[in-house]
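Below is one structure, written out as structure tokens; comments come after it.
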Amino acid sequence: MIVSTHDDKYQLFTQHNHSILSGQFVPYWRDDLFIGHEWFKDVQIAIREHDKAWIPLDKEPIWNDEKEIPHSFMDYPTEPKLKAYTNGATEVEQLSPYAGYLNSLHFLSFL
């Protein structure tokens with residue numbers, strides 16, 4: 001969950017919706033700046049699905065008692081997050097092995 005506050009109200013945006021939106025930008029990339037055109041479709045899948053792992057976690061946001069705000073993807077408890085990341089990468093890997101690999105690297109960047 002992406003969590004922000006505005007005027008003492010919480011704004012929650014699901015991670016998967018964020019990744020779908022990110023994927024919608026890919027067709028507008030400059031072709032001459034993309035190296036490895038044979039991987040373009042796989043990279044597009046990886047971007048569009050990079051937060052697939054968060055679908056089950058974002059269905060029911062959990063409260064961060066310490067910060068008195070819902071947990072975001074940045075401070076979500078590690079154990080359930082790791083399990084979700086593993087499941088998400090596996091699901092993306094079924095769509096494209098390279099996209100699954102890229103998603104795995106993305107998840108590792110947070111640990």
Side-chain angles (χ1 to χ4, degrees):
M1 189 69 65
I2 298 171
V3 179
S4 57
T5 57
H6 304 283
D7 299 324
D8 296 327
K9 295 179 182 167
Y10 304 118
Q11 181 177 5
L12 307 177
F13 192 74
T14 67
Q15 289 294 121
H16 191 57
N17 283 343
H18 148 80
S19 66
I20 290 170
L21 179 62
S22 299
Q24 291 175 352
F25 290 107
V26 175
Y28 301 100
W29 286 359
R30 283 186 43 195
D31 191 55
D32 60 315
L33 296 178
F34 190 84
I35 300 170
H37 292 280
E38 68 274 14
W39 299 106
F40 187 82
K41 183 177 179 179
D42 301 281
V43 170
Q44 188 170 18
I45 291 168
I47 292 168
R48 184 186 68 230
E49 303 295 338
H50 78 268
D51 282 327
K52 189 177 207 67
W54 284 96
I55 294 172
L57 299 178
D58 283 350
K59 281 185 180 179
E60 293 186 40
I62 59 174
W63 192 255
N64 183 332
D65 290 326
E66 183 180 315
K67 294 182 178 180
E68 297 184 353
I69 190 170
H71 274 287
S72 75
F73 72 99
M74 295 299 291
D75 60 21
Y76 203 89
T78 303
E79 191 171 322
K81 181 166 50 175
L82 284 175
K83 183 178 179 183
Y85 281 176
T86 301
N87 293 339
T90 300
E91 288 179 33
V92 175
E93 182 182 30
Q94 292 171 5
L95 300 173
S96 158
Y98 188 60
Y101 168 71
L102 292 175
N103 279 203
S104 295
L105 294 177
H106 175 65
F107 297 151
L108 284 173
S109 73
F110 292 111
L111 302 175

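Nothing fancy with the numbering, it's 1 onward along the sequence.
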Original post:
Any idea which heavy atoms bring Lys81 and Trp54 closest together, and the distance?
Top reply: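 Looks like CD-CZ2, 3.7 Å.
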Subject >> Closest heavy-atom pair and its distance - Trp29, Ile47 >> reply: CH2-CD1, 3.1 Å
Within the side chain of [X], is there an N or O that forms a donor-acceptor pair under 3.5 Å with the backbone of [Y]?
X      : Y     : result
Asp58  : Met1  : yes
Asp75  : Ser72 : yes
Asn103 : Ala46 : yes

Original post:
Between Asp7 and Lys9, is the closest basic N to carboxylate O distance under 4.0 Å?
Top reply: no
Original post:
Does Lys52 reach the side chain of Gln15, with side-chain heavy atoms less than 4.5 Å apart?
Top reply: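 When only atoms from C-beta onward are counted, Gln15 and Lys52 do not touch, as no gap falls below 4.5 Å.
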For [X], does the [atom1] atom have more than 12 heavy-atom neighbours from other residues, nucleotides or ligands under 6.0 Å away?
X     : atom1 : value
Glu38 : CD    : yes
Leu33 : CG    : yes
Phe73 : CZ    : yes

Subject >> His71 and its side chain to side chain contact (heavy atoms under 4.5 Å, CB included) partner, picked from Asn64, Asp65, Leu57 >> reply: Asn64
**OP:** Could you state whether Val3 and Ile62 fall into the same hydrophobic cluster, counting links through intermediate Ile, Leu, Val, Met, Phe, Trp or Tyr residues with side-chain heavy atoms under 4.5 angstrom apart?
**Re:**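 Each belongs to a different hydrophobic cluster.
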**OP:** Can you label the angle between the Phe107 ring and the Tyr85 ring as parallel, tilted or perpendicular, going by 30° and 60°?
**Re:** parallel
